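Fair warning: this is a prediction, and the values are worked out from it, not measured in the lab.
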There are 2 protein chains.
Amino acid sequence: MNPRKKQITDAAHRLFSENGFAQTSIQDILDEAQIAKGTFYNYFASKNECLIAILETVNEKAERRRIELAQGENKADENVLVSQIAVRLDMNRYHNLLAIFGSVACSDDNDLKAFFKKNQTKELNWIAKRLVDVFGEEEARHAVDHAVMLTGCIHQIIRVWNLGANTEMATETVVQFALDQLKPVIREGNKKAFFPKNWLDLTIDSLSTDYMEMKQQLIIRLSNLTKKLEKEEKAKNNEYVQFLLKEFQSENPRLFLLESVLLSLKHVFEGSSYELEISQIVKMAWQVLDSL
Amino acid sequence: MNPRKKQITDAAHRLFSENGFAQTSIQDILDEAQIAKGTFYNYFASKNECLIAILETVNEKAERRRIELAQGENKADENVLVSQIAVRLDMNRYHNLLAIFGSVACSDDNDLKAFFKKNQTKELNWIAKRLVDVFGEEEARHAVDHAVMLTGCIHQIIRVWNLGANTEMATETVVQFALDQLKPVIREGNKKAFFPKNWLDLTIDSLSTDYMEMKQQLIIRLSNLTKKLEKEEKAKNNEYVQFLLKEFQSENPRLFLLESVLLSLKHVFEGSSYELEISQIVKMAWQVLDSL
DNA sequence: TATTTTTTATACTTCAAGTCTAAAAAATAA
DNA sequence: TTATTTTTTAGACTTGAAGTATAAAAAATA
């Protein structure tokens, strides 16, 4: 990273950790980093952008540490997983990020929101994958469900702990406890999954903020869907999808038509097994429409 | 509630729901409620106070609804519990409160923080109690653990669902799923509990913002502790506790002494079974010290 | 009707975010 | 080295929201 940029993020990082994100003004950062206002705005458009830069370095650090922890170990070793998960919690705590994660929900900055969404999705995906490593292939279909529950438990335990205690609980203890508790759930394999297959992958697709790219992905998903519907000979429902596909691909998509068809689409697929996929597609489509 | 106050909170409530808490300026509220700035500040010292007033009415509504749902039903009926838990989630969703809960973490308003802490503690306590209703007395020792995990799972599932879908998931479905998943955990009774006995009650004690009251509670807890230590003949450790008790009760507590003893206290009890209780007491004590 | 309380309109202060500019300093090219 | 370009600086300026202050009007109460 550009040394001046680093000088700024370092200063901001110190202040955010010590005093909190919302409590730190840009002026504070300027004073701490000993730079002029113009310089700051030369590198960042806002405090939020500066925060993203910081969080990215923290992410990289966490990722490296996780790789280190796995080095030379058996990837099915539960203890490795526990300490790997704890790495991120420790990072959060060390950098006082919990408070920041809170402030983000209140911010209406779309970039920042997208950043956090992407992060969370990545983290869950990673944990799901590792659960399969540890608990075997038969875990695959439920891995996302379990990753979600595991992280939910861990965070809530930490939150509640902090309600009443001022000592810090060792993160590994929490992770280990949550995992132990959930083991009977994980082992009980014959259950119906909550989240649809590939839920997180599909989610990631819709996280792009580049509308051209998003449109491409939308078209891909629509054409996949239409193929699937063709196979199942659901011609009636397929009409809608094919229409959307054609219209989105055309030179000048007619907005009013797309809007109208999107509105009906959800109703058409209500109750079908495609309901969820449709819901994601519709969401993406509206975003693309906004950009047209 | 005073009709004018209600007029203001109603307007604010509308705006918070529609546009979000952070996005609503006080001026917006004045316009919506058709009142002058002075009137607003006549009833609330800040936007946060206004928010608390709103949340209190929502709380009451949720509480009433839960009582209704239990009317004439068997309190051990799992389905009642599920819909009772869902009540609050529906409230949150209906009033768009999730975003608000986020913004609170970023606020440095102590009253607001205390309010949320108290709310969360109450909710967990309530769920823990109800878990005992449904799963029997043998659940008592683990009820808090399970309440924490259950709420953690529920919230995380909803969060992740909202990452990728734009349809709203029926809250009862989520609650039912989480509860079903956790049943093997709940039924496996012979585990070590994570949260100490009465954790939440103890936590509630430390939520008061009235320092006099807090001091009284601190004294009560110290004297309980010293009695317990006496029974166990831990004279050495008891010296510290008894000293603190006497000093806090004295007319003019010597701050420097208290500070110094509090610092050692944690080390003295490190590793003992009192570690957690001590940690809470120390936390309270520091708050009381701040007020002296 | 007289008095007190509440409400209003408006001006004011404070504070932080962010823009703009002209000059100084530093980096780079010739 | 000198000339040119880029980066940095200091500080003035705009905007917008929070919150304070005040005197007059309106409403409630005695």
Side-chain angles (χ1 to χ4, degrees), chain A residues 1-55 99-100 102-113 115, chain B residues 1-55 99-100 102-113 115:
Chain A
M1 193 176 349
N2 177 314
R4 177 115 299 135
K5 196 166 176 177
K6 186 161 158 39
Q7 176 191 359
I8 301 173
T9 51
D10 282 353
H13 196 164
R14 271 196 299 281
L15 293 173
F16 292 168
S17 291
E18 278 167 33
N19 315 322
F21 179 68
Q23 283 68 45
T24 304
S25 74
I26 289 182
Q27 190 58 53
D28 293 337
I29 301 174
L30 307 184
D31 296 345
E32 175 81 12
Q34 309 233 54
I35 52 155
K37 200 173 244 187
T39 311
F40 180 89
Y41 283 102
N42 203 8
Y43 289 99
F44 306 104
S46 66
K47 207 168 65 165
N48 284 345
E49 250 189 34
C50 177
L51 174 63
I52 291 183
I54 294 171
L55 293 181
I100 295 178
S103 14
V104 165
C106 86
S107 124
D108 49 349
D109 180 322
N110 284 325
D111 286 349
L112 198 50
K113 271 191 191 157
F115 178 80
Chain B
M1 188 173 353
N2 177 314
R4 176 110 306 131
K5 197 165 175 178
K6 186 163 159 38
Q7 176 191 357
I8 301 174
T9 51
D10 282 352
H13 196 163
R14 270 196 300 282
L15 294 172
F16 292 168
S17 291
E18 279 167 33
N19 315 322
F21 179 69
Q23 283 68 44
T24 304
S25 75
I26 289 182
Q27 190 58 53
D28 293 336
I29 301 174
L30 307 184
D31 296 344
E32 175 82 12
Q34 310 235 52
I35 51 155
K37 198 174 245 187
T39 311
F40 179 90
Y41 282 102
N42 202 8
Y43 290 98
F44 306 103
S46 67
K47 206 167 69 165
N48 283 347
E49 250 190 34
C50 177
L51 174 64
I52 291 182
I54 293 171
L55 294 181
I100 296 179
S103 14
V104 165
C106 86
S107 122
D108 50 350
D109 179 323
N110 284 324
D111 287 348
L112 200 51
K113 270 191 193 155
F115 178 80

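Secondary structure note: stems in DNA chain D built from 3 or more consecutive Watson-Crick or G-U wobble pairs under 3.5 Å occupy C:1-30 with D:1-30.
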Pairs under 3.5 angstrom, nitrogen or oxygen only, protein versus nucleotides 21-29 of chain C, please.
none

Show me the protein contacts with nucleotides 16-20 of chain D, counting only N or O atoms at under 3.5 Å.
| from | atom 1 | to | atom 2 | distance (Å) |
| --- | --- | --- | --- | --- |
| D/dA18 | OP2 | B/I26 | N | 3.0 |
| D/dG19 | OP2 | B/Y41 | OH | 3.3 |
| D/dG19 | N7 | B/K37 | NZ | 2.8 |
| D/dG19 | O6 | B/K37 | NZ | 3.1 |

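Between A/F44 and A/A53, the shortest heavy-atom distance links the atoms CE2-CB, 3.9 Å. In terms of heavy-atom proximity, B/I8 sits nearest to B/T39 at CD1-O, 4.3 Å.
Regarding A/K5, its NZ atom lies at a distance of 19 Å from the P atom of D/dT6, rounded to whole Å. Atom CD of A/Q23 and atom C1' of C/dC15 are 15 Å apart (whole Å). Across the protein-nucleic acid pair, A/F21 atom CZ and C/dA16 atom P stand 15 Å apart, rounded to whole Å. Rounded to an integer number of Å, the gap from A/F44 CZ to D/dT7 C1' is 15 Å. In this structure, B/L30 atom CG and C/dT8 atom P are separated by 10 Å, rounded to whole Å. Atom P of nucleotide D/dT9 and atom CD1 of A/I8 are separated by 9 Å, given to the nearest angstrom. If you measure from atom CG of A/N42 to atom C1' of C/dG18, you get 14 Å, rounded to the nearest angstrom. Between B/N2 atom CG and C/dT5 atom P there is a gap of 16 Å when expressed in whole angstrom units.
The distance from the NE2 atom of A/H13 to the CD atom of A/E18 is 10.5 Å, given to the nearest 0.5 Å. Between A/L51 atom CG and A/F21 atom CZ the span is 4.5 Å, to the nearest 0.5 Å. For the atom pair CD1 (B/I54) and CZ (B/R14), the distance works out to 10.5 Å, reported to the nearest 0.5 Å.
Put simply, the side chain of A/D10 never gets that close to the backbone of A/Q7: no donor and acceptor are under 3.5 Å apart. No donor-acceptor pair closer than 3.5 Å links the side chain of A/D31 to the backbone N or O of A/D28.
Contacts of B/R4 classified as salt bridge (charged side-chain N to carboxylate O under 4.0 Å, His left out), with partners at least two apart in sequence or in another chain: none. For B/N42, the side chain to side chain contact (heavy atoms under 4.5 Å, CB included) test picks out no residue, with sequence neighbours left out.
At D/dT7, none of the side-chain N or O atoms of A/R4 fall inside 4.0 Å of OP1 or OP2 (strictly under the cut-off). Under 4.0 angstrom from either OP1 or OP2 of C/dT7 there lies at least one side-chain N or O belonging to B/Y43.
For residues 34-55 of chain B, there are no salt bridge (Lys or Arg N to Asp or Glu O under 4.0 Å) pairs, not counting sequence neighbours.
Taking the side chain as every heavy atom from C-beta outward, A/Y43 and A/T9 never approach each other to under 4.5 Å.
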